[in-house]
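Below, each value reflects all heavy atoms present in this structure, side chains not excepted, and no hydrogens, waters or symmetry copies. One-based numbering, in listed order, for ligands and for the atoms of each.
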Amino acid sequence: MMRQYELVERVASYIDEPDENLLNKAYVYAMQKHGEQKRADGDPYFSHPLEVAAILTDLHLDEETIAVALLHDTIEDTDATRREIDEIFGAKIGHLVEGLTKIKRLDLVSQKAKQAENLRRLLLAISDDIRVLLVKLSDRLHNMRTLGVMRPEKCERIATETMEIYAPLAGRIGMQDLRDELEELSFKYINPEAYKAVMGHLADIGEKNEELTFQIAEIIGNKLKSANINARVSSRRKKPYSVFRKMESKGVTFEQLSDLYAFRIVVDEVEDCYRALGLVHTEWKMVPGRFKDYISVPKQNQYQSLHTTIVGPANQRAELQIRTETMHRIAEFGIAAHSNYKDGTDDQNESTAYTSLRSTIAQLAESDSPEEFMEHTKLELFLDQVFCFTPKGRIIALPKGATPVDFAYAVHTDIGNSCIGCKLNGKIMPVITELQNGDEVEIIRSSKQMPPAAWESVVVTGKARSSIRKATRQAVRKQYSTLGARMIERAFARAEKQYDQDMLVASLPRLARKSIMDVQAEVGRGEMSANDVIKAIYTDYEPDETTKPKRSKPVGTDEEKPSRIPIRGIKSELPISFSKEGGAVPGDKIVGILVPGEGITIYPSQSRLLEKYRDDGAELIDLRWDIDEEHPERFPARIRLLVGNKPGTLAMVAEVIARNDGNIQNLNMKVLVDEFVEMEIDIDVWGLPHLTRIIEELKSKPVISKVSRITQ
Ligand code: MN
């Protein structure tokens, strides 16, 4: 067992003039309180808090944290009280110890259903002070190291919890070494056979290849030396759990895993990294697709390194990480090469809060005044985070204010794009609900879904926002190109020229466009005229006056003209819009006005606005209805009534409309003279016959003297 003075010396190795008094008091107090207590393996109980404290000295933590580590089990397991600890050590330490006590009680609850609540409370405690988490993780690490003496079921339960909650938490705050060890220990208990197999393989390889590994490292080292690059080359031990996970996710055997040799090259300067890379690539073949430059583009968690894989000596693939000393230190403080995909999340999902936590911890280790930095770590970091679960129990960290839509995108872009609803803790809720810590979120998906553009203003994560924007952009582009394709076909039909897409492909260079879709989208947007497309294919083509769209024939003639663009409805695959009041309804003859960049606005052909557009030289597009009988939609129409000013008249009008399946959206009344009232009513109808039926019945009422339809 570590002696009192040894502990003080350890702290003094990284803190000038540490608060020895505090350390000594905590050591003695905890030792006395735990007294004769024994651990399950027969060791004195006090050895446990002492080991936890020792782990924390390796992380260069401050005296208060070390004291809290020594005291962390006293309230729970001895007759110590919060009040007593407050009196001896101050309220701050008392508060931290109590926080740990609360979490400890949570460990005892094993049901899966309680896990979310446990985590929520754990995180509340953490958000109070990051040191609670640091002590808790070290506590868990020591318990995992000494787990073997417990009953197998208990071992498995604790190991599972460690794997699911504590290891990812350690990873997220950048303590990669701690995480690796927690995972390795958990793996051993959760899947003993696989663990044994992987460890066996690794040991075999290690033994068999020890010489080769050494040689490769030496050859690389000498090569660098001869080029005057000061470098340390070391082999990296593969982590059994990460090997296992790779085998599982790629569905391969151990033998098929190619990159079991891994080396790290640490150099002095950034430019040495690139020089070293050049040398290595000159000497050996690089494996295509494996090179990553995290120096010029660091991971969001600030990890920097060059990664490459070469076919090295003896034809063995070797994975190389090349970095400077500084980069190495940052990485050691938690940002391992594969941390992002190991979490099953991608870079963007990692919040800056964790990044700052990582750098804080990194700074802490280097700092002259750890205390000062601890002050800063008082988890503003976690304060603006919510932690939620997938139905399978995976933790997703999101910024405060995040919605299920953010959650969906955090899990996977495809899940976000296909999200149509959600269940929070088993209950169907709106997707704009603000998530709370511990919520279990189930995303309801549909393959037909396209994220509504309005969601962009609902989400808070950059990933969700950019994905929605991208999906919206793609959908709009598709709409325009669909419209453009039809406009092009229409133009060719009108010009009586033969047309197919192959001809267009051949003329792309003449149009200076890369793809058919580019051409279609530009025509659809009104940025390129369909006649230019004809000219690109038939170079001698001269549009005559009658085929110029601006001088379109009077609308409404030539009913069966095949070049009319079919319009399905409000939710169209085309970039169209209907007037919300007094617009066109199916059965009306319709005309579209192409507004460059905004798509087509649809008007009934009797609209007075059309004349004005025509005079302005806007492009009029012939349209026809193509109503889907299976999925009819309502369209807004507006009528104006002149009615006698008598009680009950309004009720009668409403009754007629309702009985005829009309849907009143809006109603305005104004008294003209004493006897007469003018009403303007917006009704959603299925089409012109439906609207006509309503108008006819209204007309038949004696009290109504005039009914007319109003169009824009
Ligand atoms: Mn403990």
Worksheet item: Hey, is there an N, O or S on His48 sitting under 2.8 Å from the Mn ion (ligand 1)?
Response: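 Yes, within the cut-off.
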
Worksheet entry | By salt bridge (Lys or Arg N to Asp or Glu O under 4.0 Å) - contacts of Glu153 (at least two apart) |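 Testing Glu153 for salt bridge (Lys or Arg N to Asp or Glu O under 4.0 Å), a comparison that skips the adjacent residues, returns Arg151.
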
Worksheet item: When you check the side-chain N and O atoms of Arg39 and Ser47, is any donor under 3.5 Å from an acceptor?
Response: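 Looking only at side-chain atoms, Ser47 and Arg39 do not form any donor-acceptor pair under 3.5 Å.
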
Discussion item. For Leu56 versus Ala69, what's the shortest heavy-atom pair and its separation?
Written reply: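 Looks like CD1-CB, 3.5 Å.
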
Atom name in [X], limited to N/O/S, at shortest distance from the Mn ion (ligand 1):
| X | result |
| --- | --- |
| Asp139 | OD1 |
| Asp73 | OD2 |
| His72 | NE2 |

Worksheet entry | Listed partners of Asn24 passing side chain to side chain contact (heavy atoms under 4.5 Å, CB included), at least two apart |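 For Asn24 the side chain to side chain contact (heavy atoms under 4.5 Å, CB included) partners, ignoring immediate neighbours, are Gln4, Val8, Glu20.
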
